[in-house]
Amino acid sequence: MLISFRVQNFRSFADEQELSMLAGPDDMHAGTLIESESGAVLPVAGIYGANASGKSNLLTAITVMKKFVVRSATEMNLGDRIPGMVPFRLDPELRDEPCRFEIAVVVDGTYFEYGFAATSEAVHSEHLKVRKRGGRLVERFRRTLDQETGKVDWAFRGLKKKDEAVLQERTRGNGLVLSRAAELNMPEFAELYLWIRKRLWSFDLSEPPRELAAITARETFLREEFRHRMESMLRDADLDIAGVAVKKAPPVIADELPTKVKNAIEEVLTENGRALEGFPVTTTHVDTAGHPVEFSLEEDESNGTQRFFATAGPILDALATGATLVVDELECSMHPLLTRKLVQMFLDPNLNERGAQLIFSTHDTSLLDRELLRRDQVWIADKRQNGATELYSLYDFREDEDGGRPRKTESFARRYLEGRYGGVPSFGPMFEDLVTGRGEQSADE
């Protein structure tokens, strides 16, 4: 499970900012917390902020970090640019500095603290610290690039000398030690790598979730038990869906395309000599006479239903496996009550027995409810005067130097919209001076 994530000099983040999933000393909703070797952990965190405040950039940072870890050893070559490394550009001194990422997780009782700093051209530093259950924190390796000489300083602990030599020799300047070690099947790195690859999922619901829906459809087709749970979830969401069916079909290539174009498409759609197949989804409704009627998910169902279907798959898998979901704009095209129910699934210890986590950005203030979330589960992304994002939870927020944190009895939503916590737009004259009813006043005159 995720303990914390830190980011620095990335997009709208200048100084280091941290999202911590460790529970604070608060007695609100204590029964929803997840126990771990590092203490009580939050199952849910919601991130609020004005447009362009940086809340999506935080989730993008997690995605960029994951993709680089997963792909650097297997999909990148010598000389390739490192994707996604976009520094804070409003400070001239930071434009050429590396982006920094650090993640702390607990996997089967072992605590991992892993991070790296990189520009588009090279990895400038990388480190891994490990604490076994009941033990002390030990740094397993550290690499540091000397920018003047171009040489890399290496430090290892607890590895075989031959493994140290292999990692130094085979880790490219634009690649990660963690990724190379996992590719070489070194057991000291496998747990962390596999957690990042298979238990940290991120997606953006502001975009049409076609890829996510395809993955959910494939799992629904392949796993009967998963299909039953999916059907139950769709029925219980009050979408008037009585059932769901998924077929396997080859990709359709238009006949009117030129032969060369069709051949090129077929080549792209071929993986390991086998044509990739699609999984069209059909939902079943019941007409007024009680007869079943089939609908195409993609052509006949609403955007909200399509997004719910796409999201339901990873939610069901996360709850079953204890994964961490990172979702941008969770509420997109869905009713607020339905979004609330999805959040509640992760807060219910009877449903969330494996310690799954949901981290999401949203503008849905109906979720800013003390009956639903604790103060340390509500995070604000606020933009400073220099354009940099500041990240803090309501539990850590202070209205002024002498003020205390927000009371757990106050209306989080009302005070947030009043601007008491920050993270709301600051309007200029064109908007600030608008007066409701001004049109009627002019007519009366």
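- Judged by distance alone, the side chain of Glu126 and the main-chain N or O of Val177 form a donor-acceptor pair under 3.5 Å.
- One N or O on the side chain of Asn174 and one on the backbone of Asp80 form a donor-acceptor pair closer than 3.5 Å.
- Between Leu2 and Gln357, the closest heavy-atom pair is N-OE1, 2.7 Å.
- With contacts defined as side-chain heavy-atom distances shorter than 4.5 Å, the pair Ile3/Val106 qualifies.
- When the side chain to side chain donor-acceptor pair (under 3.5 Å) test is applied to Thr305, the partners found at least two apart in sequence or on another chain are Ser302.
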Distance-only donor-acceptor pairs under 3.5 Å for side chains of residues 336-344, two or more places apart:
from   : atom 1 : to     : atom 2 : distance (Å)
Thr339 : OG1    : His335 : O      : 3.3
Arg340 : NH1    : Ser366 : O      : 3.4
Arg340 : NH1    : Asp369 : OD2    : 3.4
Arg340 : NH2    : Asp369 : OD2    : 2.9

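- In this structure Glu102 satisfies the salt bridge (charged side-chain N to carboxylate O under 4.0 Å, His left out) test together with Arg6, sequence neighbours excluded.
- When the ring pair (Phe, Tyr, Trp, His ring centres under 6.0 Å) test is applied to Phe5, no partner is found at least two apart in sequence or on another chain.
- Between the side chains of Glu113 and Tyr111, at least one donor-acceptor pair of N or O atoms lies under 3.5 Å.
- The environment of CZ in Arg210 is sparse: at most 12 heavy-atom neighbours from other residues, nucleotides or ligands sit within 6.0 Å.
- The list of ring-ring contact (aromatic ring centres under 6.0 Å, His included) pairs with a residue in residues 146-172, not counting sequence neighbours, reads Trp154-Phe156.
- Glu121 pairs by the salt bridge (charged side-chain N to carboxylate O under 4.0 Å, His left out) definition with Arg81, not counting sequence neighbours.
- Aromatic ring centroids of Tyr421 and Tyr392 lie 6.0 Å or more apart.
- Looking at residues two or more places apart in sequence or on another chain, you find no salt bridge (charged side-chain N to carboxylate O under 4.0 Å, His left out) involving Arg172.
- Sorted by first then second residue, the side-chain hydrogen bond (donor to acceptor under 3.5 Å, both in side chains) pairs that include residues 39-62, not counting sequence neighbours, are Ser12-Asn57, Asn51-His363, Lys55-His363, Ser56-Asp328.
- For the ring pair (Phe, Tyr, Trp, His ring centres under 6.0 Å) test, no residue two or more places apart in sequence or in another chain qualifies with Phe88.
- With 3.5 Å as the limit, one finds no donor-acceptor pair spanning the side chains of Thr282 and Glu294.
- For Asp26, the salt bridge (charged side-chain N to carboxylate O under 4.0 Å, His left out) partners are Arg375, not counting sequence neighbours.
- A ring-ring contact (aromatic ring centres under 6.0 Å, His included) check over residues 190-227, counting only residues at least two apart or in different chains, returns the pairs Phe221-Phe279.
- Applying the ring pair (Phe, Tyr, Trp, His ring centres under 6.0 Å) criterion to Phe112, with sequence neighbours excluded, gives no partner residue.
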